[in-house]
Amino acid sequence: MDEKRPGEDHEQVEPVEEKPSHFIRMKTFYFIMLVFTLILFTAGLTVFALTFGDDKAVEVNSPERREFQKLYTAYDQLQNEYYEDVDSNKLINGAINGMIESLDDPYSDYMNEEEASQFLEGISSSFQGIGAEVQERNGFINIVAPIKNSPAEKAGLKPGDKITEVDGESIQGFSASEAVMLIRGEKGTEVTLTVQRGELADPIQIKIVRDEIPIETVYAEMIGDNVAHIQVTSFSENTYDELQKAIADMEEQGMEAMVMDVRQNPGGLLTTALEISDLFIEDGKEMFEVQAKGEEPEIYMSSSVDKVKVPVTLLIDGGSASASEILAGAMSESADVKLVGEKTFGKGTVQTANDMTDGSNLKFTTAKWLTPDGNWIHEKGIEPDVEVPLPAYASLSVLDPSVELKDGTISEQVKTAEQMLEALGYEVGKVDGVFEAEMEKAVETFQEDKELETTGVLTGDTAFAVMDELRLKIEKDDPQLLEAKKIIMEEAGIKAKPAEEKKEEDAKE
């Protein structure tokens, strides 16, 4: 067993002269490395604390973004001194909303997570609600256009209507997203809108039962004389494919000319509008231009996709906005397609929807767009080549079914009802807003014709029936569609079929 004490080994080892000096050099190296590591570690901790620490965040960022100093100060004061607890997320969302509102741009909007989700529904296959495109303008929520066959359309909502209240709650000053949150809801539930049509008209209340709103965006039918009527109600994800299918179906039915229809189409996806424009414009021609701030316009040209091979006219009106106007401008200026109807809405800007990390969305205007000839149609609209106004009865206010209109009633509602029944061919006497004997007789006759209880009182089911009949009449006796059909038949060299032959076709249908 080795029992040597410490030190005995050293005594037996011969000293080496360079050993102490080598030991000193190694010690210095490790010391320097240790100091360097400590410096890095300390610096890292400092940066972390200053960057992520609540109290120091402002101090780090303020030298670089001094414009936010006032915002940070206000935030800290509210958090620390407001008499109740403050939700920091609400403060931040409110600040972003304030920035957006200061732009005075009705097309820019900040959407929280729930609102952003509903926004995305608008370009998906379906959603639940009343089915109307709305927009905030001058502090009011306006109807841009109701969706075809939606509860909003059936209830009589029209472009330009102002919604002032939802279920009795004022929405003046609301953003479009905030209003949509109140208006939308589960299928089968009811919402009451207070609507003003025209500056002097009295507001009325309209009850609408929400429904599943399918985003079916293309409706096609043959309207006689081998002319197809194809209506595009919005530009969503599936619209291009729907249109391609509709065109193929109409070709199988003998289509020789087409009336495209984007009336009351509030727009949608820019990419879809360009895909559809491409179908009507010769390869290599300009479709539209986009101009961002401080940049030269970016020009979009048509491609070599298969084109529509028959002559086309395009129907437009005041509800044709945004992507509809892109299509109208492209077809008019690059394909010499005649525009028929009324001046379009006038939206010449492009918005980009930017997803944020928490699921919210910042949608704001990033550019303006120009027609192929370089025209900016913003707040001016596109004029039709052939102007055809709708009859006055097409823009009448809706009736309030909860109100009884009867002998002795004097009101604007009575005048509206008189105009409606007169348009439907009933003798109402003088149209003056006074419910008298002739008006009572007209209501009784209408009720008999529609197999309703004959009371002579216009309310409830009778009011709904009158509005439904008027809507059907507007669709059937559509002067804009008839004029567009006449124009395209002349261009295509199609001769109208004799009346007897048309009757036979109608009978077969």
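Keep in mind that this is a model prediction, so the values were computed, not measured.
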Candidate pair Thr164 and Val195, rule side-chain contact (heavy atoms from CB on, under 4.5 Å), full reasoning: CA-CA 6 Å; Thr164 59; Val195 174; over 6 Å; no
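- Proximity of a side-chain donor or acceptor of Ser277 to a complementary backbone N or O of Ala273 within less than 3.5 Å is detected.
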Derivation and outcome, side-chain contact (heavy atoms from CB on, under 4.5 Å), residues Leu399 and Phe464: CA-CA 8 Å; Leu399 298 175; Phe464 282 118; over 6 Å; no
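- Residue Arg197 comes nearest to Ser397 through the heavy atom pair NH1-CA, 2.6 Å, listed as atom of the first residue, atom of the second, then distance.
- Formation of a donor-acceptor pair under 3.5 Å by the Asp278 side chain with backbone atoms of Ser303 is found in this model.
- Under a 3.5 Å cut-off, the side chain of Asp225 and the backbone N or O of Ile223 do not form any donor-acceptor pair.
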Audit row: Asn265, Ser234, side-chain hydrogen bond (donor to acceptor under 3.5 Å, both in side chains) steps and yes/no: CA-CA 5 Å; Asn265 180 331; Ser234 68; 5.6 Å; no
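- Ser322 places no side-chain N or O within donor-acceptor distance of the main-chain N or O of Gly267, the cut-off being under 3.5 Å.
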Kindly determine whether Thr344 and Glu325 satisfy side-chain hydrogen bond (donor to acceptor under 3.5 Å, both in side chains), including the steps that lead there. CA-CA 7 Å; Thr344 62; Glu325 294 172 294; 2.7 Å; yes
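- Judged by distance alone, with hydrogens and angles left aside, the side-chain atoms of Trp376 form no donor-acceptor pair with the main-chain N or O of Lys368 at under 3.5 Å.
- Inspection of the Gln128 and Glu212 side chains reveals an N or O donor paired with an N or O acceptor under 3.5 Å.
- The CG atom of Asn112 sits 10.5 Å away from the CG atom of Asn89 when rounded to the nearest 0.5 Å.
- The side-chain heavy atoms of Thr217 and Asn238, taken from C-beta on, include no pair separated by under 4.5 Å.
- A donor-acceptor pair shorter than 3.5 Å can be found between the side chains of Gln480 and Arg263.
- Defined by atom type and a distance below 3.5 Å, a donor-acceptor pair is present between the side-chain atoms of Ser360 and Asp358.
- The distance from the CG atom of Leu315 to the NZ atom of Lys338 is 14.0 Å, given to the nearest 0.5 Å.
- Among Val227, Ile494, Asp478, the single residue meeting the side chain to side chain contact (heavy atoms under 4.5 Å, CB included) criterion with Lys485 is Val227.
- By the 6.0 Å contact criterion, CD on Glu475 is enclosed, its count of non-hydrogen atoms from other residues, nucleotides or ligands being greater than 12.
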Could you go through Tyr426 and Glu418, starting from their C-alpha distance and side-chain angles, then the distance that decides it, and tell me whether this counts as side-chain contact (heavy atoms from CB on, under 4.5 Å)? CA-CA 9 Å; Tyr426 294 89; Glu418 289 172 330; over 6 Å; no
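- Atoms OG and CE, from Ser108 and Met99 in turn, are 12.0 Å apart once rounded to the nearest 0.5 Å.
- In this structure, the side chain of Lys207 does not engage the main chain of Val191 through any donor-acceptor pair within 3.5 Å.
- Taking 4.5 Å as the limit, some side-chain heavy atom of Phe140 sits within range of a side-chain heavy atom of Lys162.
- Using a 4.5 Å cut-off on side-chain heavy atoms (C-beta onward), Thr192 and Val166 make no contact.
- Using a 4.5 Å heavy-atom cutoff, the side chains of Asn97 and Ser175 are not in contact.
- Remark: of the listed residues Met258, Met222, Glu256, Lys245, Met222 is the sole one forming a side chain to side chain contact (heavy atoms under 4.5 Å, CB included) with Met250.
- Side-chain atoms of Asp261 and Val232, non-hydrogen and from C-beta on, never get closer than 4.5 Å to each other.
- Phe288 and Trp369 have tilted rings, their planes meeting at an angle from 30° to 60° on a 0 to 90° scale.
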Evaluate the side-chain hydrogen bond (donor to acceptor under 3.5 Å, both in side chains) criterion for residues Gln351 and Thr349: first the C-alpha distance (whole Å), next the side-chain angles of each, then the deciding distance (0.1 Å), finally the verdict. CA-CA 7 Å; Gln351 285 69 45; Thr349 55; 3.0 Å; yes
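- Using modelled atom types, one side-chain atom of Thr416 and one backbone atom of Glu412 make a donor-acceptor pair closer than 3.5 Å.
- Using modelled atom types and a 3.5 Å distance limit, the side chains of Asn361 and Asp355 yield a donor-acceptor pair.
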So Phe446 and Thr462, side-chain contact (heavy atoms from CB on, under 4.5 Å) or not? Walk me through it. CA-CA 8 Å; Phe446 177 84; Thr462 301; 4.2 Å; yes
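- Looking at Asp461 and Lys450, no side-chain N of the basic residue comes within less than 4.0 Å of a carboxylate O on the acidic one, giving no salt bridge.
- Taking the ring axis of Tyr107 as reference, the NZ or CZ atom of Lys363 does not stay both within 45° of it and closer than 6.0 Å to the ring centre.
- Atoms CD and CD1, on Glu289 and Ile326 in that order, are 12.0 Å from each other to the nearest 0.5 Å.
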After noting the C-alpha distance and the side-chain angles of Glu333 and Asn375, does the key distance pass the side-chain hydrogen bond (donor to acceptor under 3.5 Å, both in side chains) rule? CA-CA 10 Å; Glu333 295 179 4; Asn375 297 314; 3.1 Å; yes
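- Put simply, the side chain of Asp211 never gets that close to the backbone of Ile213: no donor and acceptor are under 3.5 Å apart.
- To the nearest 0.5 Å, the span separating CD on Glu483 from CD1 on Ile488 amounts to 12.0 Å.
- Using a 4.5 Å heavy-atom cutoff, the side chains of Leu424 and Lys473 are in contact.
- For Gln253, the CD atom is densely surrounded, since the number of other residues' heavy atoms within 6.0 Å is greater than 12.
- For the pair Thr194 (side chain) and Gln205 (backbone), a donor-acceptor distance under 3.5 Å is absent.
- By the 4.5 Å heavy-atom criterion applied to side chains, Asp317 and Lys343 are not counted as neighbours.
- Counting heavy atoms from C-beta outward, Lys158 and Ile143 have side chains that stay 4.5 Å or more apart.
- A distance of 14.5 Å separates CZ of Phe280 from CG of Asp336, quoted to the nearest 0.5 Å.
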